[in-house]
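Numbering of residues begins at 1 and proceeds along the displayed sequence.
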Amino acid sequence: MAQSRKDVVAWVGSCVLPHEAAVRAWLKRWTGRDQDIDDVIQEAYCRLAAMDDVTHIGNGRAYLFQTTRNIVLEQVRRSKITRIDTVTDMGSLGIVDEAPPMDRVVSGVRELQRVAQLIERLPLKCRRVFVLRRIHGVSQREIAQTLGISQAAVEKQAVRGLKLIVAALESDDPLEDHEGEVGERSRDRTRGR
């Protein structure tokens, strides 16, 4: 299903247009002539405007660089005389995809899942305070009023929750399915510090 022209134009304006200066600087090293640069940029925008859907593009900057690179390569293939520095500089465009490698993404997701599990295992009052303060960014004063406790108790519970989570993460112990909350052992280690 095709996107609306308005959505495509909005995507180009927010995800591609901000990177035009970087592409122009890179093209200046390749071509050395402003007229050629304007032509390449214009052609890149024409190709983007002709697209029916841009939702498959994860990185607008990388896509713009790749598109302009392809245009320059097409021009080089069509021309009879090619500057030698243009050919030797082809490898200088190392921007293809700035997304982290898949193994890092998977590792990050697992780590987030582990932290979420650790938060769920915090003692009830500690978990409430921790989630409100550290995740939702609610002020100590608002939490104290909402839960009917002092601001000092809010601070103490938020710190306690953070210490328990950090201790559990540092221990590299698998999560326990015991009835107790996040690491009774973690709490003992925290007290010993």
Side-chain angles (χ1 to χ4, degrees), residues 1-120 127 130-139 162 165-166 168-170 172 174-175:
M1 187 163 104
Q3 281 182 296
S4 71
R5 284 283 98 202
K6 184 179 177 182
D7 290 341
V8 172
V9 169
W11 179 83
V12 169
S14 64
C15 297
V16 174
L17 193 59
H19 306 293
E20 182 180 326
V23 171
R24 283 183 177 277
W26 174 73
L27 286 170
K28 181 83 170 169
R29 287 192 310 247
W30 259 30
T31 63
R33 294 182 11 210
D34 289 334
Q35 181 62 37
D36 291 342
I37 293 171
D38 290 338
D39 290 344
V40 170
I41 294 293
Q42 181 66 32
E43 178 63 23
Y45 283 126
C46 286
R47 289 183 184 187
L48 287 168
M51 296 179 74
D52 291 331
D53 185 21
V54 294
T55 56
H56 67 282
I57 302 171
N59 185 328
R61 176 184 169 92
Y63 196 84
L64 180 61
F65 269 90
Q66 191 64 45
T67 301
T68 55
R69 179 179 183 270
N70 291 344
I71 293 167
V72 170
L73 289 173
E74 289 168 12
Q75 290 176 347
V76 167
R77 283 187 205 112
R78 279 189 240 126
S79 70
K80 297 194 188 282
I81 301 172
T82 303
R83 291 177 43 185
I84 191 69
D85 58 339
T86 301
V87 177
T88 59
D89 197 31
M90 294 288 187
S92 70
L93 182 60
I95 302 172
V96 175
D97 190 4
E98 294 177 359
M102 188 52 75
D103 61 329
R104 285 186 56 203
V105 171
V106 170
S107 174
V109 168
R110 286 184 183 148
E111 195 69 19
L112 281 174
Q113 289 171 339
R114 184 167 184 224
V115 169
Q117 289 173 340
L118 291 172
I119 290 171
E120 283 300 313
R127 181 176 59 234
F130 185 84
V131 168
L132 288 170
R133 183 76 182 119
R134 300 289 183 172
I135 296 175
H136 297 292
V138 179
S139 72
L162 185 60
I165 291 169
V166 168
L169 288 172
E170 287 175 348
D172 286 330
L175 291 174

Got a salt bridge between E43 and R69, using NZ or NE/NH1/NH2 to carboxylate O under 4.0 Å?
->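 Not counted as a salt bridge, because no side-chain N and carboxylate O are separated by less than 4.0 Å.
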Close side-chain approach of [X] to [Y], heavy-atom, < 4.5 Å:
X    : Y    : answer
E20  : R24  : yes
M51  : H56  : yes
I71  : R47  : yes
L48  : W11  : yes
I119 : R127 : yes
N59  : Y63  : no

Taking only residues two or more places apart in sequence, or in another chain, which ones meet R134 in a salt bridge (Lys or Arg N to Asp or Glu O under 4.0 Å)?
->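 Expected list: none.
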Set of salt bridge (Lys or Arg N to Asp or Glu O under 4.0 Å) partners for E111, sequence neighbours left out =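 Result, salt bridge (Lys or Arg N to Asp or Glu O under 4.0 Å) vs E111: none returned.
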In Å, rounded to the nearest 0.5 Å, how long is the span from SG of C46 to CD1 of I41?
->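 Here the interatomic distance stands at 11.5 Å.
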Roughly how far, to the nearest 0.5 Å, is the CZ atom of R114 from the CG atom of L112?
->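 CZ of R114 is found 12.5 Å from CG of L112.
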Qualifying residues under side-chain hydrogen bond (donor to acceptor under 3.5 Å, both in side chains), relative to T55, sequence neighbours excluded |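 For T55, the residues satisfying side-chain hydrogen bond (donor to acceptor under 3.5 Å, both in side chains) (neighbours in sequence not counted) are D53.
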How close do T68 and W26 get, heavy atom to heavy atom, and via which atoms?
->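 Looking at all heavy atoms of both residues, the shortest contact is OG1-CZ3, 3.8 Å.
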Closest heavy-atom pair and its distance - G13, P18 |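 Taking G13 first and P18 second, the nearest heavy atoms are O-CD, 3.5 Å.
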Decide yes or no on side chain to side chain contact (heavy atoms under 4.5 Å, CB included) for L64 and L17, but give the supporting numbers first.
-> CA-CA 9 Å; L64 180 61; L17 193 59; over 6 Å; no
Side chains of D38 and Q42: donor-acceptor distance under 3.5 Å anywhere?
->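 Absent: no donor and acceptor within the cut-off.
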So Q66 and N70, side chain to side chain donor-acceptor pair (under 3.5 Å) or not? Walk me through it.
-> CA-CA 6 Å; Q66 191 64 45; N70 291 344; 3.3 Å; yes
